[in-house]
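First the structure, in the form of structure tokens, and then the observations on it.
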Amino acid sequence: MDTGTDGLGGRFRGALLGVAAGDALGAPFEGRPRVEPASVDAWARADQPLRRTDDTLMTLGLARSLLACRGFDGAHMAATFAEDHAAQPWRGYGAGPPRIFAALRAGVPWDEAARGLFGGGGSFGNGAPMRVAPVGLVHHGDPGGAARLAGRTASVTHAHELGRQGAALQAAAVAWLVDATAPPSRDRLVDAVRAAAPAQEFQDRLDALEGIPPGWPPERVAARLGNGIEAFQSVPAALHAFLRHPGSLTRAVCHAVTLGGDTDTIAAMTGALAGAALGATAVPGSWRSRLEDADRLEHLADDLLAWSRTWRSPTTTGGDQR
Ligand code: F2R
Ligand code: MG
Ligand code: MG
């Protein structure tokens with residue numbers, strides 16, 4: 001393992017640094033059907049800045065909104081996402097969210113705007129799971145609670161049931177991994193999170209994880225699970241990448257990028273899983289020093305931990321807003 005000594009604070013920091021590292025390492029390859037491991041290695045060892053895309057920006061927004069409201073407030077979260085997009089629309093957003101932000105500006109209520117996409121079905125893109133790590137963190141050790149809150153945060157932009165379940169699955173996995181005591185077996189992790197995503201599209205792929213031998217090359221894994229922008233492809237792909245290298249964040253994230261397709265997002269979600277399990281010390285110094293706003297990510301992680309301690313304490317009671 002890269003680590004094993006990080007406490008809760010280190011795991012919170014590791015998850016957010018992992019999102020940002022995976023996002024930035026995968027970004028140059030996004031959309032390529034295949035990615036050579038040598039190209040990923042070269043980029044991982046380069047010295048250029050690691051710049052975030054929408055994956056990290058929306059993770060920051062989600063965390064800020066939870067902290068500002070002391071829980072989920074859909075109108076506030078929608079406004080936060082929209083403000084961040086207005087300030088930096090060039091961060092590589094999917095097609096759907098900017099349309100939702102335009103609807104909000106036109107006066108559509110936050111809980112109706114997302115339902116208007118894709119002929120009224122809502123989005124099943126991976127935009128909700130890619131940003132949901134903070135939910136898993138504040139519900140660490142409680143995959144069910146993480147899944148419920150994740151579904152609510154998803155509904156701001158991703159009204160389709162598959163988009164919501166993708167967020168629930170990713171958040172449940174982060175929540176479980178933060179409290180895991182050793183690199184988990186595939187079976188234990190899958191058992192812990194399976195209920196979060198009951199749709200067949202997820203269940204089939206969770207079953208498929210068990211049948212993927214360690215020696216399969218990335219293109220064969222991608223053919224089996226998918227590597228696309230759909231939540232039901234990319235969340236299982238991230239679980240696979242983490243489970244391929246459960247003791248090494250760097251290897252897991254680099255493997256995620258070699259799966260091709262939606263590389264920044266699969267790697268961001270893999271980074272969240274690995275960081276939650278292994279902690280901030282699993283993020284190499286050479287990556288951290290290249291990361292945009294690493295200090296801010298760590299401060300937000302610390303704030304999330306401090307806040308979660310206030311309402312998880314046995315002397316306080318939690319409301320359903322969380
Ligand atoms: N958008 C990108 N990458 C495109 C290239 C960016 C380029 N590098 C640049 O800098 O400009 N990446 C980001 O978008 C993904 C997250 O997307 P999100 O937020 O889920 O968006 P959306 O539009 O809701 O869903 C994505 C696509 O999925 C398909 N889709 C979703 N729901 C559908 C439905 N009900 N029916 C049919 N298709 C559906 C559509 O093609 C959506 O546009 C991340 O990869 C992030 O990195
Ligand atoms: Mg992106
Ligand atoms: Mg992407």
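Counting starts at 1 for both ligands and their atoms, following the listed order.
Checked by atom type and distance alone, the side chain of W287 pairs as donor or acceptor with a backbone atom of A44 at under 3.5 Å.
Both L67 and L8 belong to a common hydrophobic cluster when Ile, Leu, Val, Met, Phe, Trp and Tyr are linked at side-chain heavy-atom distances under 4.5 angstrom. No chain of hydrophobic side-chain contacts below 4.5 Å, direct or via other Ile, Leu, Val, Met, Phe, Trp or Tyr residues, connects V35 to I229. Cluster annotation: F118 is connected to I100 through the hydrophobic network of ILVMFWY side chains, with a link wherever side-chain heavy atoms come within less than 4.5 Å. A chain of hydrophobic side-chain contacts below 4.5 Å, direct or via other Ile, Leu, Val, Met, Phe, Trp or Tyr residues, connects V138 to L305. Hydrophobic clustering, with ILVMFWY side chains joined whenever heavy atoms are under 4.5 angstrom apart, keeps V19 apart from V193.
None of the N, O or S atoms belonging to D23 lies under 2.8 Å away from the Mg ion (ligand 3). At a cut-off of 2.8 Å, T263 is not counted among the residues with an N, O or S atom near the Mg ion (ligand 3). Note on T53: counted as a metal contact of the Mg ion (ligand 2), an N/O/S atom lying under 2.8 Å. With a cut-off of 2.8 Å, the Mg ion (ligand 3) has no N, O or S atom of D54 in range.
Only the side chain of D54 comes within 4.0 Å of ligand 1, counting heavy atoms alone; its backbone N, CA, C and O stay farther away. Residue contacts with ligand 1, taken as heavy atom pairs separated by less than 4.0 Å, involve H158 solely via side-chain atoms from C-beta onward. Residue contacts with ligand 1 for W90 are absent, since no atom lies close enough (heavy atoms, distance under 4.0 Å). Neither the backbone nor the side chain of L117 has any atom closer than 4.0 Å to an atom of ligand 1 (non-hydrogen atoms only).
Protein heavy atom nearest atom 15 (C) of ligand 1, with residue, atom name and distance: N126 OD1, 3.4 Å. Closest to atom 23 (O) of ligand 1 among all protein heavy atoms lies G96 N, 2.7 Å. Looking only at heavy atoms of the protein, atom 6 (C) of ligand 1 is closest to E30 OE1, 3.9 Å. Annotation: atom 17 (O) of ligand 1 to nearest protein heavy atom, G94 CA, 3.7 Å.
Heavy-atom proximity to atom 33 (C) of ligand 1, evaluated over F124, Y93, F81, is greatest for F124. Among G122, G121, P28, S123, the residue whose heavy atom lies closest to atom 35 (N) of ligand 1 is G122. Closest to atom 21 (O) of ligand 1 by heavy atom, among G127, G261, P97, G125, is P97.
Nearest to the Mg ion (ligand 2), among the N, O or S atoms that D55 has, is OD1. Take the N/O/S atoms of D262: the one nearest the Mg ion (ligand 3) is OD1. When you scan the N, O or S atoms of E30 for the one nearest the Mg ion (ligand 3), you land on OE2. Nearest N, O or S atom of D264 to the Mg ion (ligand 2): atom OD2.
Residues A231 and G163 approach most closely at CB-CA, 4.3 Å, considering heavy atoms. Taking all atoms of both residues into account, the shortest heavy-atom contact from L297 to A20 is CD1-CB, 3.5 Å.
Distance CG/L239 to CD/Q170: 6.5 Å, rounded to 0.5 Å. Within the model, atoms CZ of R34 and CZ of F29 stand 14.5 Å from one another, a figure rounded to the nearest 0.5 Å.
Set against the non-hydrogen atoms of D55, the atoms of ligand 1 under 4.0 Å away are 46 (C), 47 (O). Atoms of ligand 1 lying under 4.0 Å from at least one heavy atom of D264, given by number and element, are 47 (O). Heavy-atom contacts of D262 reach the following atoms of ligand 1: 44 (C), 45 (O) (cutoff under 4.0 Å).
A cation-pi arrangement is not found for R51 relative to W90, the charged atom failing to lie both closer than 6.0 Å to the ring centre and inside a 45° cone about the ring normal.
For ligand 1, one of its N or O atoms has an N or O atom of G92 under 3.5 Å away. Looking at ligand 1, you won't find any N or O of I229 less than 3.5 Å from one of its N or O atoms.
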For R99 and S123, what are the C-alpha separation, side-chain angles and deciding distance, and is it a side-chain hydrogen bond (donor to acceptor under 3.5 Å, both in side chains)? CA-CA 12 Å; R99 284 160 53 201; S123 173; over 6 Å; no
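Under the 4.0 angstrom criterion for non-hydrogen atoms, R91 is not in contact with ligand 1.
A salt bridge is absent between E112 and R115; no separation between the charged side-chain nitrogens and carboxylate oxygens falls under 4.0 Å.
Aromatic rings from H255 and W216 are positioned such that their centres are separated by 6.0 Å or more.
Between F101 and H85, the ring planes lie tilted relative to each other; the angle falls in the 30° to 60° range.
Inside a 4.0 Å radius of atom 41 (O) of ligand 1 there is not any protein heavy atom.
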